[in-house]
Amino acid sequence: MAALEIDTVSKSFGGSAVLKAVSLDVRDGEFLTLVGSSGCGKSTILRVIAGLEPQDAGAVRIGGRPVDHLRPKQRNVAMVFQSYALYPHMSVKDNIAMPLIMQRLRLAERLPLVGRLSPRRAKVMAEIDGEVGAVARQLHIEQLLARKPAQLSGGQRQRVALGRAMVRRPDVFLMDEPLSNLDAKLRVHMRTELTDLHRRLGVTFVYVTHDQVEAMTMSDRVALMDEGRIVQLGTPADLYHDPLDLRVARFIGSPGVNVLPGTVTGAGVEVGGAQLPLPVAAAEGAAVQVGLRPETLSLDPPAGRPVLKIRLSATENLGAEVFLHGRADGAGDSPIIIRAPLDAFDRARAAGRLDGTVTVAVDPARAFVFDADGRRVGRRPVEAAVVRMPVPAE
Amino acid sequence: MTAPSPALKPTAGALFKERLRLLRPDRIVGGLVAHLVLIAGALFVLLPFVWMLLTSVRKPDEVFTAGFNPIPDSFHGVENYGHALNQSPLLQFMGNGVIVCAGILVVQLLVALPAAYALAKLEFRIRPLLFVLVLLGLTVPPQVTALPLYMGLASLDLLDTYFAIMVPFFLSVFAIFLFRQFFKTFPMEIIHAARLDGFTELEILIRILVPSALPAIAAFSVFSITSHWNDLYWPLVVTTSPEHATPPLGMMIFRDQETGSNYGALMAGAAIITAPLVITFLIAQRQFVRGITMTGVK
């Protein structure tokens, strides 16, 4: 168990910078997720931590100890890969045992025939067998130990890969999109199983995914990455309710955030005819982008709150809630989604307020205002910025 | 989310339609033409071989007089094969062939597998340059280096040894290229996992890549064994004594010394020395085809 520090790490491949002075502190025992679209550098960070790719600049410390000069196996980290990366011709048992065999047997003892001459080999192998068995029981794969990876289903391979990582009791667990090759149902199941595993092991997890749902549901903290930088680091709730950047607001949440063009006025922000009384740190008349989460738009009568007029084009009834798709009148005709609880939808329909257009009430306190570059301006609780924002270096 | 679709089993009707489709006249003609071409090709390739087998059981006087009658009038095989085996040290030639081919193959694999791994999976600055050199090596015919090699061996007093027959072939550029292409397709993630688990680079090669590359290794082995078993040129250059003669060279010595124009016995000898190759290929056939088509690992 150990904390992990990544200190202004940069890395480029053939002239294109993949990591630009990334800094990140992962606390001991924390489940931290790196999320971002493909090519944002999140997998590269994992490989730098593991020592599989040397960084061009910066340092990595595990448990306060610099590891930059150490080879991958000496860093005591374990990694689960997207393709599981099981050794194809070895049995499940050998796959799981390999890290221990490599750790505990000397080079000569690992040789095919000569190795058997060593008196301590049999004892070590018996110990390893016991530990492999224990891990297999924990993951419920005891009955698969004799099989080859090709004879396993995706979920089973996933467990074997986890077992191979667990057996060596690493300080840090690195996971590179471990669930993306599973079918949807199994993925949901493995999410809870992984968080469960994290709780039981109490080890530091660094988890990479492009799926914001995984990031939101599993992590203690999430770091959203884009173009080789960490855009925001915070709890899942921070990223959802208090995004510091338009990219964060857009990436997190499903259905995605509504973004409408607005203008800064003396009293706040004007968007689609609605006046949002928000203190905005921008010059009057400046163009801004206003982010409104679909569930913050209310179908109930406005009761004095600012309103938007929306032309409806489609409704999706999901049972417990309803998604209404439309376009915002007067706000650049931007597409907009309203997420309403079923009872609110029923009330509005009964009151005849859904006749092709609908008037929705906006909660100014839950609106995000971004400047033209996508940076958050306006109401933003300063104490929420728990991020150690990296100094951008060009 | 979606339930797995049931296995698509063709119905009886669909199967019948499929058979009907195969029976359409244009299909039949097309199939016939294709098979005729294949049969003609096979005959063309196999005929000398068949003729060798037939000649090896003919009487000496029948070899030339029989015209193209494929069936021998009388079976003279025992005499011919007996003559071939008794009058010449055929078994010794074949033993030499085994020693030479095995020696060459072992060293080729020992050199080519690590080299191919480095060229395919390790990062170092001069890798592209080295790979270009390997490709250039493919273009150098063996005759070009024959004279310097001969002189070198002569000055070291190594002529007429097994080593002299084997040494030019120890470094197989073709093997390096073949294995490099195969290793390229091997998933990097598995190699990364192995490095994290504490494998040394050599262990990654031996424990992980080589078992996956067995089809490619089998394919290359067939190429290597065939070409060096059948090679006449280089053994003829560096070997003078029958003690080290490989099968084709032995056949040549055998023809000169003993049999003169006893073609029946000569063909019997040829049949005997070809047999191991045919048997090897039949055993390794499946691996060989798999290795050449290089489906890679899943």
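In what follows, chains carry the letters A, B, and so on, assigned in the order in which the sequence lines appear, proteins first and then strands, with residues in each chain numbered from 1. Heavy-atom basis, side chains included; hydrogens, waters and symmetry copies ignored.
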Enquirer: Do other residues, nucleotides or ligands put more than 12 heavy atoms under 6.0 Å from A/Arg65 CZ?
Expert: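 Incorrect, the count does not exceed 12.
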Enquirer: Given 3.5 Å as the limit, does a donor-acceptor pair link the side chain of B/His192 with the main chain of A/Ala50, or not?
Expert: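 It does not hold such a pair.
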Enquirer: With a 4.5 angstrom heavy-atom cut-off, is it the side chain or the backbone of A/Val77 that approaches chain B, or both, or neither?
Expert: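 Both backbone and side chain.
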Enquirer: Go through the atoms of A/Leu107 and report whether side chain, backbone, both or neither lie under 4.5 Å from a heavy atom of chain B.
Expert: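 For A/Leu107, side-chain heavy atoms alone lie under 4.5 Å from chain B.
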Enquirer: What's the shortest heavy-atom distance between A/Met102 and B/Gly198, and which atoms?
Expert: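 The pair with the smallest heavy-atom distance is SD-O, 3.8 Å.
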Enquirer: Verify side-chain contact (heavy atoms from CB on, under 4.5 Å) between A/Tyr87 and B/Asp197, making sure each step is shown before the conclusion.
Expert: CA-CA 11 Å; A/Tyr87 306 129; B/Asp197 282 351; 2.6 Å; yes
Enquirer: Rounded to the nearest 0.5 Å, how far does NE2 of A/His89 lie from CG of B/Leu214?
Expert: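 Result: 9.0 Å between the selected atoms.
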Enquirer: Of the backbone (N, CA, C, O) and the side chain (C-beta and beyond), which part of A/Gln74 lies under 4.5 Å from a heavy atom of chain B, both, or neither?
Expert: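 Contact with chain B involves no heavy atom of A/Gln74 at all.
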Enquirer: Chain B heavy atoms under 4.5 Å from A/Arg75: which part of the residue, side chain, backbone, both or neither?
Expert: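 For A/Arg75, neither part sits under 4.5 Å from chain B.
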Enquirer: Evaluate the criterion side-chain contact (heavy atoms from CB on, under 4.5 Å) for residue pair A/Met98 and B/Phe199; output intermediate values, then yes/no.
Expert: CA-CA 9 Å; A/Met98 253 330 135; B/Phe199 285 73; 3.6 Å; yes
Enquirer: Considering residues, nucleotides and ligands other than B/Arg127, do more than 12 of their heavy atoms fall under 6.0 Å from its CZ?
Expert: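 Yes, enclosed.
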Enquirer: Could you tell me whether A/Arg121 atom CZ has more than 12 heavy atoms of other residues or ligands within 6.0 Å of it?
Expert: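 Result for CZ/A/Arg121: enclosed.
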Enquirer: By number, which residues in residues 9-17 of chain A have some heavy atom less than 4.5 Å away from chain B?
Expert: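 If one takes a 4.5 Å heavy-atom cut-off, no residue of residues 9-17 of chain A lies near chain B.
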Enquirer: Grab the two heavy atoms, one from A/Pro72 and one from B/Arg195, that are nearest each other, plus how far apart they are.
Expert: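 Minimum heavy-atom contact is CB-O, 4.0 Å.
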Enquirer: Please check this pair: side chain of B/Glu189 against backbone of A/Ala85, looking for a donor-acceptor N/O pair closer than 3.5 Å.
Expert: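 Here the side-chain-to-backbone pair does not exist.
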Enquirer: Pick from B/Met188, B/Arg207, B/Glu123: which one has the most heavy-atom pairs with chain A under 4.5 Å?
Expert: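 Among the listed options, the one with the most contacts to chain A is B/Arg207.
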Enquirer: Relative to chain A, which of B/Ile191, B/Leu196, B/Thr200, B/Ile190 shows the most heavy atom pairs under 4.5 Å?
Expert: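 Looking at each of B/Ile191, B/Leu196, B/Thr200, B/Ile190 in turn, B/Leu196 comes out on top.
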